[in-house]
Undergrad: 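Pasting a structure below so you can have a look.
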Amino acid sequence: MKIRVMGTEEECRAFVQMVKKTVPRSYIRNISNFYPNVRKCAYSNEGRVYMDIDKPVIGKTGYELPEGME
């Protein structure tokens, strides 16, 4: 599963930290560095981080964290 997270560098960093704490390490294929948005004629303090996560955990009610990781 490929995910693109967009936001400020601080927001992306916080999201990556949350993913690393809650998703089993064996499921994380790759998490990129922060890429700032580059636009001609416009300033942006936002950017993006790309994630590649393997084996989504699926339970009876849809996607769930493994037991004990709530």
Undergrad: Is atom CG of Asn45 surrounded by more than 12 heavy atoms (other residues, nucleotides or ligands) closer than 6.0 Å?
TA: yes
Undergrad: When rounded to the nearest 0.5 angstrom, what is the spacing between OH in Tyr27 and OG1 in Thr22?
TA: 12.5 Å
Undergrad: Given the rule in the side-chain contact (heavy atoms from CB on, under 4.5 Å) test, do Val16 and Met51 qualify, once you have shown the distances and angles that lead to the verdict?
TA: CA-CA 9 Å; Val16 167; Met51 298 183 189; 3.6 Å; yes
Undergrad: Can you tell me how far apart CG (Asp54) and CD1 (Ile28) are? Round to the nearest 0.5 Å.
TA: 11.0 Å
Undergrad: Taking ILVMFWY side chains as joined if any heavy atoms are under 4.5 angstrom apart, and letting links pass through other members, which residues group with Met6?
TA: none
Undergrad: Let me check something: do Phe34 and Met18 share a hydrophobic cluster, defined by ILVMFWY side-chain heavy atoms less than 4.5 Å apart, either directly or through other members?
TA: yes
Undergrad: Hydrophobic clustering (ILVMFWY, side-chain heavy atoms < 4.5 Å, transitive) - are Ile3 and Val49 grouped together?
TA: yes
Undergrad: Mind listing the closest non-hydrogen atom pair of Gly47 and Cys12 along with its distance?
TA: O-SG, 4.3 Å
Undergrad: Write down the atom of Glu11, the atom of Gly7, and the distance for their closest heavy-atom approach.
TA: OE1-CA, 3.3 Å
Undergrad: What distance separates Asn37 CG from Tyr43 OH, expressed to the nearest 0.5 Å?
TA: 11.0 Å
